[in-house]
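Count residues from 1 along the sequence.
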Amino acid sequence: METVMTAIPEYSSFTPAGLVGFYRRIIKLPERIPLSLVQLASRIAVAHVFWQSAQTKLASWPVTLQLFANEYNLPFVDPSIAAPLATTAEITGSVLLFLGLLSRLGALMLLGVVSVIQIFVFPENWAEHLLWASLLSLVLARGAGAFSFDRLVDWAFARRA
């Protein structure tokens with residue numbers, strides 16, 4: 001009777017070996033997600049965060065200068081220099097990441113911004129900063145992925161070689 005049940009496909013998955021195999025197939029399904037989709041999602045998510053931050057700064061520049069002067073307390077940098085530097089880094093890094101153009105440079109810029117925020121401004125928000133740093137580190141280590149201008153540039157240079 002047992003050999004009859006294992007010969008029938010719908011019953012064979014109910015054996016211990018069949019259940020283990022089914023479990024393994026289910027567990028490995030996420031491995032089929034293309035890395036380029038993960039890279040794209042990472043780039044867009046982080047770019048959005050820093051784009052929004054830069055837009056908030058630009059919306060009320062006098063308030064931004066006051067925050068840099070009174071609340072952020074960055075050492076060694078005058079607030080009138082720090083505010084434009086941070087805003088420029090956020091805008092530039094966001095655009096580069098979103099487009100996937102010089103994305104490693106954009107990720108490096110924003111990792112610098114995250115580091116300054118973590119160390120000097122809001123150290124209590126370490127979990128959020130770690131999340132941003134993780135996504136930026138993925139882009140820094142693996143690049144922008146297939147859905148990027150970086151890939152098009154690589155392709156164009158490869159054709160000329």
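Less than 6.0 angstrom separates the ring centroid of Trp132 from the ring centroid of His129.
Sparse packing is recorded around CH2 of Trp126, with 12 or fewer heavy atoms of other residues, nucleotides or ligands lying under 6.0 Å away.
Considering CH2 of Trp51 and CD1 of Ile44, their distance stands at 14.5 Å, rounded to 0.5 Å.
Looking at Val113, Val49, Leu85, Val95 one by one, the single match for side chain to side chain contact (heavy atoms under 4.5 Å, CB included) with Glu90 turns out to be Val113.
Shown here are the side-chain contact (heavy atoms from CB on, under 4.5 Å) partners of Ser115, two or more places apart in sequence or in another chain: there are none.
Across all their heavy atoms, Ala47 and Phe98 have their closest contact at CB-N, 4.0 Å. Residues Gly106 and Leu97 approach most closely at C-CG, 4.4 Å, considering heavy atoms.
When the side chains of ILVMFWY residues are joined at heavy-atom separations under 4.5 Å, either directly or via intervening members, Ile117 and Val63 end up in a single hydrophobic cluster.
A distance-only check finds no donor-acceptor pair linking the side chain of Asp150 to the backbone of Gly143 [under 3.5 Å].
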List the atom pairs, with distances to 0.1 Å, where a side-chain N or O of residues 154-161 and a protein N or O form a donor-acceptor pair under 3.5 Å, not counting sequence neighbours.
none

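The side-chain heavy atoms of Arg43 and Ser148, taken from C-beta on, include a pair separated by under 4.5 Å. Counting heavy atoms from C-beta outward, Phe50 and Val114 have side chains that approach closer than 4.5 Å.
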